[in-house]
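The sequence lines fix the lettering, A, B, ..., with proteins before strands; numbering per chain opens at 1.
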Amino acid sequence: MDQLAVSDVIIIGGGIIGAASAYHLSLAGLHVHLIERGAPVSGTSSRGEGNILVSDKPPGPELELQKFSSGLWAEFAESDLEFDIELESKGGVLLGTADGAMQALDGYATTHEAAGVQVERMDAKALYEREPNLAPGLPGGLFYPGDLQVMPVIAAFEMLRAARQHGATITAYTEVLGLEVSKGVVKGVKTTRGSVSAPVVVNCSGAWAGPLTSSWATPLPVDPRRGYVLVTSALPHVVRHKVYSAEYMDNVSSSDAGLQASLVVEGTKSGTVLIGASRERIGFDDRPRAEIVQRLASQAIAIYPFLADVRLIRYYQGFRPYADGHLPIIGPDPSVSGLFHAVGHEGVGIALAPGTGRIIAEMITNRPLSMDMQAFMPSRFN
Amino acid sequence: MTFQFDGRDIEFRPGQSVQGALVAVGVLSTRTTRIAGAPRGMFCGIGVCFDCLAVIDGQPDQRSCLTPAEDGMVVCRQEGTGRDDLGV
Amino acid sequence: MTSVSEISPADLIIIGGGPAGMAAAAAALASRQAARVVLIDGNRNLGGQYWRQPFDEGLAVKTRRHHHHLGKYQQLKQELLQGESDGALTLLLGRWVWTVTKDAETGIFTAHTTRGDVAEGVQGKAVVLAAGAFDRQLPFPGWDLPGVVTAGGAQALLKSNDVLVGKRVAVGGTGPFLIAVATGLAEAGADIVGVHEANSYLKWAPHVGRLAGNPSKLIEGAELGFLTAKHRIPIRTRSAIIEARGRERVEQAVVARLDAGGKVLEGTGKVVDVDAIAVGWGFTAQIELALALGAETRVDVDGTEAVAIDDLQRATVDGLFAAGETCGIGGLELALIEGEIAGATAVGESETVHPLTKRRGRLQGFATAMHHAHPVTDHWESQLTADTIICRCEEVTFDRVSQAGNDPLTNDPRSTKLVTRTGMGWCQGRMCGYAASCLSTPTSSRGTDAFARRPVAAPVSLGALAAMTQWQSPADNRESGNLPETTDSPTD
């Protein structure tokens, strides 16, 4: 690797958070050097469903960050891109799967409305008008017009491409081995191909933030949470929205270490249907488990009976970065000056990426923050 | 022994696959692709390319090279995903 | 026949009923170990591709003339049927294995099968993977026209259906297999307008010694030579089919000469009337089940990724063996020997050096020579035009793949795949994987099958998967009754 002139900012990690940070920092005029240990976008960012949801977030700081980020997603999709990132404002349907659930959903909708989120209550008739292929007998649900979907891999590459167009350097197949710190101030990083200097380092190492920071002044409690996504053969337009069961939200917010499986289904532009979602705390074990595939298939068919004779042609798995306390970790490191973190986005990394990237750029360039980020601060772990 | 292909009677020898019987009478295409509507049919002949898909007895996505021809079977050309009836 | 539910766990599961799998089963049955063996194959008959059979015995009589070494097939089949009636062997035919898992604690393997609407698991203490291979393809303009088929496909159609893919056929690609296909078609009555071999047979010159060490190959070669002469099949070396033309089906082939470096020579293109084209560029080993288990692979001399095995056919996962094309393309005899070694070793016959080791070595030497003599030629991609289809399933064109392949951000096979959808359709990159990885890798190293990893090795219906669970309603999802516990303690 060429010994570069000192960069303004080093970004560790080339997933969507790193990409979004590189993008916004480059737009702000800084020279960014992004260092990724494998191929770009080869980690968790390429293993999700492209969810950009307001509906899965109860009122609170994460919901606020999401609203901000959703707006930035729309802006990004309108910018000059090479490949179509398939951003769709399809909206989300949250199913009430048992009669008792409708009351809980009603309460949920009320809190969302109070927090400025658009939501529509649907009785059975309205539900089947929105999603005709659903299994009969469902009592209704909630419709969230603000839920979006994107093709995350293409989107991440487009952010990297745009960052590069604004002067960023992107180095792949190079692993960051550690920080170079002097008197509590970050000086750069050590990598498998030499040292790189910069006064600012942003840690965007995703699910691997735990191992990476374990020997740093403030280790971050981030653990992997494995998830599977099933992929069907291409179908015509059969599922109009993002569709999920209320249990999905319960599982997202749970800290239960056991396997959880709940239903998330959506169609894609190419016609495949993606089916999730499972969560397991098994470290980085990526050995296949057929039971998970079976269970996700079973849940999906219970809701969309036509799937019974549709074929599964592939599935993939990834590790969500689960941060203690269930909120992403975004902000300056409490011990090392010039070091910032943007990790721990669990299952909402794609959704929160542009917002995270922009906030990180605001923090680093000392501009007023677009929103109050206190809840996300790494200092909460000190 | 015959089966129907898009309304046409196709004679076959017991033991042939739907694909074998069709190629024997010069029918090389059993489907059209979902984006360009281009004709496809036999390619690998052994069930790994999935170009020979046809709707067989009402079931789409059947590999005609792996399906034994049966008397009275109804085989239809698969247009795209073969499931347009599901589209909403 | 013993039902699947009665045989858990077997001593040995053999995945694949072609020559290697059959030889493995026969060796396991012949051993002193009194093993209980299960053999699983997606086809309804034993034989794999090499001995691909019709669905009906009556037609099988007619297709015998298209086959080779059927005596060996009959012998092995007899041994297996005997084993089946003795209760030592269970034949699970017509079932495709979509994944294989291994229990972390007990070490027991489960082969997950699918057959139409039914999905089942078969358990065993050891696995011999003999999943074979399929023709390797390189795209060229018009290759997606009906009537353009793989060389192996043209042969399979004869062997299993007694049908000719066409009456005037051009054969192209590289490798002695093309001659075998062409002579088979000619014997069945087709007019072979030409065999277009991209390499020159002079590349065999350094390896003549290998031929001497493999007399059976010399005999085979002589037979093919005889048939080629008998049917006056024109064999053109340094020649390639560079385009298929036609409207609803192929009507013409454009053939051209290549220079020593593999580039198309300007002005040598000729248009030939055909009604079918058969192409093949060697073979790609089917290794996804070994990858699912975490076994190591190696890239063979021909650029195909194959399962890595030791002298006793052991893969790098305990209890997993591989034999035949799956662990390196090498033909019938080698597959039979590897199957025999694997089957015997897998059921506990312990030898430090198996008696067949030397013969295997000679056959491997021959295969290596063959691969060296028939590489995929450089510059094959120079015949591609912007709208040549690269990924047949998803209809991705060359210019789209180039867009990704030319960008330093996305110029690796995986990124190209995710961004263009190449390799993400029904066949999961089997047909386009080799070519796509060549086109998306900037270095001069020829592509390996970077698309080899397929978590779902055969499409399986969601309904069949769901039927395997007892979990029914969404409200039950908290109960992990049927599911293995995770090992983490819930203290967070």
Side-chain angles (χ1 to χ4, degrees), chain B residues 1 3 10-54 56-71 73 77-78 80-83, chain C residues 42-44 48-49 52-63 94 96 116 132 134-135 137 143-150 152-166 247-250 275-276 284 286 389 392-396 425-428 430-431 458-459 461:
Chain B
M1 312 258 278
F3 63 83
I10 309 286
E11 257 185 58
F12 65 92
R13 296 151 73 187
Q16 289 184 321
S17 63
V18 169
Q19 175 180 90
L22 287 173
V23 176
V25 298
V27 175
L28 291 180
S29 163
T30 54
R31 76 175 184 101
T32 55
T33 60
R34 78 178 194 270
I35 299 172
R40 296 283 178 86
M42 176 187 168
F43 184 63
C44 77
I46 61 171
V48 294
C49 75
F50 294 85
D51 257 335
C52 69
L53 301 181
I56 299 185
D57 285 342
Q59 282 292 317
D61 302 331
Q62 303 302 299
R63 282 171 281 181
S64 54
C65 68
L66 297 181
T67 309
E70 276 166 30
D71 201 33
M73 211 173 219
R77 180 182 311 274
Q78 176 158 323
T81 64
R83 291 168 197 267
Chain C
N43 290 303
R44 298 182 191 211
Q49 303 315 333
R52 192 174 182 82
Q53 299 296 315
F55 294 113
D56 177 280
E57 286 292 328
L59 188 55
V61 171
K62 296 285 160 56
T63 57
W96 301 94
F134 51 84
D135 296 67
Q137 291 299 302
W143 75 308
D144 50 314
L145 272 173
V148 179
V149 300
T150 68
Q155 198 186 64
L157 193 64
L158 267 184
K159 287 179 174 175
S160 62
N161 282 268
D162 200 26
V163 171
L164 277 173
V165 66
R247 289 201 323 126
E248 296 292 301
R249 63 171 293 164
V250 68
D275 63 357
T284 298
Q286 302 215 76
I389 295 280
R392 300 170 64 98
C393 299
E394 295 295 302
E395 304 171 75
V396 185
W426 275 108
C427 91
Q428 290 291 293
R430 287 180 175 88
M431 296 297 103
S461 91

Subject >> Shortest non-hydrogen contact between C:E395 and B:R40, atoms and distance >> reply: CG-NH2, 4.2 Å

**OP:** Can you see which heavy atom on B:C49 is nearest to which on C:C427, and at what distance?
**Re:** O-CB, 3.7 Å

Original post:
Non-hydrogen atoms of chain B under 4.5 Å away: do they reach the side chain of C:R392, the backbone, both or neither?
Top reply: both

Original post:
Which region of B:T30, side chain (C-beta onward) or backbone (N, CA, C, O), has a non-hydrogen atom less than 4.5 Å from a non-hydrogen atom of chain C, or is it both or neither?
Top reply: neither

Original post:
Taking atom CD of B:Q16 and atom CG of C:L157, what is their separation to the nearest 0.5 Å?
Top reply: 8.5 Å

Original post:
Roughly how far, to the nearest 0.5 Å, is CD1 of B:I46 from OG1 of C:T150?
Top reply: 6.5 Å

Original post:
At their closest point, which heavy atom of B:M42 faces which heavy atom of C:A154, and how far apart are they?
Top reply: CE-N, 4.1 Å

Original post:
In terms of heavy-atom pairs under 4.5 Å, which option from B:G45, B:A24, B:P39 contacts chain C the most?
Top reply: B:P39

Original post:
Does any heavy atom of chain B fall under 4.5 Å from the side chain of C:D135, the backbone, both, or neither of them?
Top reply: neither

Subject >> Contact origin within C:L164 toward chain B - heavy atom pairs under 4.5 Å >> reply: backbone

Original post:
Should C:M431 and B:V48 count as side-chain neighbours, where that means a heavy-atom distance under 4.5 Å?
Top reply: yes

Original post:
Any side-chain heavy atom of B:C44 within less than 4.5 Å of one from C:R430?
Top reply: no

**OP:** Could you name each residue pair satisfying ring pair (Phe, Tyr, Trp, His ring centres under 6.0 Å) that touches residues 23-52 of chain B, not counting sequence neighbours?
**Re:** B:F43-C:W143, B:F50-C:W426

**OP:** Of all the heavy-atom pairs spanning C:P146 and B:S29, show the shortest one and how long it is.
**Re:** CG-CB, 4.1 Å

Original post:
Roughly how far, to the nearest 0.5 Å, is the CD1 atom of B:I35 from the CD atom of C:E394?
Top reply: 6.0 Å

Subject >> Atom of B:G15, atom of C:L59 and distance for their closest heavy-atom approach >> reply: C-CD2, 3.5 Å

Subject >> Atom pair CG/OG of B:D61 and C:S461 - distance to nearest 0.5 Å >> reply: 11.0 Å

**OP:** Just jot down the side-chain hydrogen bond (donor to acceptor under 3.5 Å, both in side chains) partners of C:N161, sequence neighbours excluded, or say none.
**Re:** B:S17

Original post:
In terms of heavy-atom proximity below 4.5 Å to chain B, should C:E248 be classed as side chain, backbone, both, or neither?
Top reply: both

**OP:** Please look at C:N43 and chain B and tell me whether the side chain, the backbone, both or neither of the residue comes under 4.5 angstrom of a heavy atom of that chain.
**Re:** side chain

**OP:** Can you see which heavy atom on B:L66 is nearest to which on C:F55, and at what distance?
**Re:** O-CZ, 3.6 Å

Original post:
SG of B:C65 to CZ of C:R52: how many Å apart, nearest 0.5 Å?
Top reply: 6.5 Å

Original post:
Relative to chain B, which segment of C:V163 carries a heavy atom at a distance below 4.5 Å: side chain, backbone, both, or neither?
Top reply: side chain

